[in-house]
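So the structure is just underneath, and the comments pick up after that.
These numbers come from a predicted model, not from an experiment. Start at 1 and go down the list; that is how both ligands and their atoms are numbered.
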Amino acid sequence: SFHQIRKNEITQRAHLGQGTRTNIYDGVLTVCGNSGNDDEAEYFSTEQNNNSREMHVILKVLDPSHRDIALAFFEAASLMSQVSHVHLAFVHGVCVRGSENILVEEFVEHGPLDVLLRKEKGRISVGWKITVAKQLGSALSYLEDKNLVHGNVCAKNILLARKGLEDGSAPFVKLSDPGISFTVLSREERVDRIPWIAPECVRDVGNLSTAADKWSFGTTLLEICFDADVPLKERTPSEKERFYEKRLRLPEPSGRELASLVSQCLDYTPGERPSFRTILRDLTRLQPH
Ligand code: ATP
Ligand code: MG
């Protein structure tokens, strides 16, 4: 269930990069006439003339794919269309352009969190990081309450609507769509997602549940703490697999309480991981005043 966008409503501009079986483009969505929700349209509009609105979007163009991959791509669009939260990126819908399937998502101005963390390495305060973690946690708590699984939480999929690096300002992030579920990806692609993917899901994709998002959240917290320096990134795929098989622990962030929260999320037993409600409460306690 998602809004179908006509091909003449989108304009494709510069190529921005590649994702999991996708090519990403900068784009414009032009909505004509009085149709749709005016408040919402106004919020996203960058220009307004004669009832036609232009919105800055990104276009995720799926590579030519088999049916199961295309279905998973539509499922990601459908998940994001069912939900509404300030810290979830807005998905306008899907456009079918000839043989191409295109997910149309709001353009989040300042790009992915991992890029910013690397660029500002060593200059980002703990308070800033906790704020981002809380915003991500609130989006995931919202999904958990609805019993919805994101399935691809990582710093790359967290986008900055506001950088919040100047004094007196705060960051504002939005979690992007999960893209193609790893349940239809190859084993190699799943292993590639170690240490974000929950260990139980490498073995059996049927184990995907809200608990998997908690593991990914724990790894994302580590990414944030380590300024996007990802644990295990130098390891080979078989070394990564063995790391999980041996149930080894990822490195701890500094600070006893934060380390404890991360280690609770990174529990090899899915049922032992805390709820996002609990995670949020713990993060609030950690926030410097
Ligand atoms: P995956 O499913 O693995 O996340 P993807 O298709 O979502 O794959 P990404 O690698 O997440 O692709 O995104 C590629 C690049 O596109 C990002 O690094 C970022 O620069 C840009 N990008 C993605 N989504 C947005 C967005 N909503 N607003 C602005 N830029 C975006
Ligand atoms: Mg993505």
Side-chain angles (χ1 to χ4, degrees), residues 2 5 10 12-29 43-44 46 55-65 68-81 83-95 100-119 135-136 139-140 149-163 171-186 188-197 201 205 208 212-213 216-217 219-220 223 228 230 233:
F2 46 77
I5 291 167
I10 55 173
Q12 187 168 316
R13 301 192 298 198
H15 183 244
L16 297 180
Q18 289 182 317
T20 305
R21 306 196 188 191
T22 57
N23 272 288
I24 319 279
Y25 297 88
D26 182 87
V28 177
L29 172 65
Y43 177 77
F44 288 106
T46 52
M55 290 164 265
H56 195 186
V57 293
I58 57 131
L59 305 173
K60 296 196 179 187
V61 184
L62 182 66
D63 296 344
S65 306
D68 51 343
I69 298 287
L71 281 175
F73 188 69
F74 287 133
E75 262 165 41
S78 169
L79 166 82
M80 296 299 282
S81 303
V83 297
S84 170
H85 191 276
V86 287
H87 296 299
L88 289 175
F90 185 83
V91 169
H92 290 282
V94 168
C95 174
E100 288 180 316
N101 296 313
I102 306 168
L103 189 147
V104 182
E105 184 172 289
E106 73 168 299
F107 190 95
V108 184
E109 208 54 39
H110 300 288
L113 177 63
D114 61 335
V115 174
L116 180 101
L117 289 170
R118 272 185 214 109
K119 192 164 158 250
Q135 293 177 0
L136 175 62
L140 292 169
V149 184
H150 184 276
N152 198 1
V153 177
C154 56
K156 184 194 78 170
N157 281 339
I158 299 169
L159 303 158
L160 287 131
R162 199 169 61 216
K163 286 192 192 175
F172 196 94
V173 297
K174 296 187 184 207
L175 178 61
S176 179
D177 70 284
I180 301 156
S181 170
F182 64 73
T183 58
V184 296
L185 295 178
S186 66
E188 290 71 47
E189 286 169 302
R190 293 204 305 279
V191 168
D192 214 48
R193 291 198 178 174
I194 295 174
W196 292 276
I197 189 172
C201 298
V205 295
L208 178 60
D213 281 341
S216 307
F217 178 83
T219 303
T220 305
E223 267 189 292
V230 182
K233 73 167 187 300

Partner of F182 by side-chain contact (heavy atoms from CB on, under 4.5 Å), out of N152, T20, I197 | I197

Member of I158, D213, L175, V230 meeting the side-chain contact (heavy atoms from CB on, under 4.5 Å) criterion with T220 = I158

Heavy-atom nearest neighbour in the protein, as seen from [atom], with distance rounded to 0.1 Å:
| atom | result |
| --- | --- |
| atom 15 (C) of ligand 1 | I24 CG1, 4.2 Å |
| atom 7 (O) of ligand 1 | K60 NZ, 2.5 Å |
| atom 3 (O) of ligand 1 | T20 OG1, 2.5 Å |
| atom 26 (C) of ligand 1 | L159 CD1, 3.4 Å |
| atom 12 (O) of ligand 1 | G19 CA, 3.2 Å |

Determine the interplanar angle of the F90 and H92 rings, folded into 0 to 90°, and report it as parallel if under 30°, tilted if 30 to 60°, perpendicular if over 60°.
-> perpendicular

Whether F172 and H87 hold their rings parallel, tilted or perpendicular, with breakpoints at 30° and 60° = tilted

Polar contacts were defined as any N/O atom of the residue lying under 3.5 Å from an N/O atom of the ligand; does this apply to [X] and ligand 1?
| X | value |
| --- | --- |
| S176 | no |
| D177 | no |
| V108 | yes |

Quick one: which ligand 1 atoms are inside 4.0 Å of a heavy atom on [X]?
| X | value |
| --- | --- |
| R193 | 3 (O) |
| G179 | 2 (O) |
| N152 | 1 (P), 2 (O), 3 (O), 4 (O) |
| T22 | 5 (P), 6 (O) |
| N157 | 4 (O), 11 (O) |

Taking a cutoff of less than 4.0 Å between a non-hydrogen atom of the residue and any ligand atom, is [X] in contact with ligand 1?
| X | result |
| --- | --- |
| I58 | yes |
| E189 | no |
| K174 | no |

Inter-residue atom distance [X].[atom1] - [Y].[atom2], 0.5 Å rounding:
| X | Y | atom1 | atom2 | answer |
| --- | --- | --- | --- | --- |
| W196 | S216 | CH2 | OG | 10.0 Å |
| N157 | K174 | CG | NZ | 15.0 Å |
| S181 | H150 | OG | NE2 | 11.0 Å |

S176 near the Mg ion (ligand 2): N/O/S under 2.8 Å | no

Step by step, work out the side-chain hydrogen bond (donor to acceptor under 3.5 Å, both in side chains) result for E105 and S176.
-> CA-CA 9 Å; E105 184 172 289; S176 179; 3.2 Å; yes

In terms of its nearest heavy atom to atom 20 (O) of ligand 1, the top option of S181, P112, A161, P178 is P112

Could you tell me whether E106 approaches ligand 1 through its side chain, its backbone, both or neither, with non-hydrogen atoms closer than 4.0 Å?
-> backbone

Do side-chain atoms of T22 reach the backbone of K60 as a donor and acceptor pair under 3.5 angstrom?
-> no

Would you say the side-chain atoms of E223 pair up with the backbone N or O of L113, donor to acceptor, closer than 3.5 Å?
-> no

Heavy-atom distance under 4.5 Å between the side chains of V104 and L59, does that happen here?
-> yes

Indicate yes or no: at least one non-hydrogen side-chain atom of L103 is less than 4.5 angstrom from one of N101.
-> no

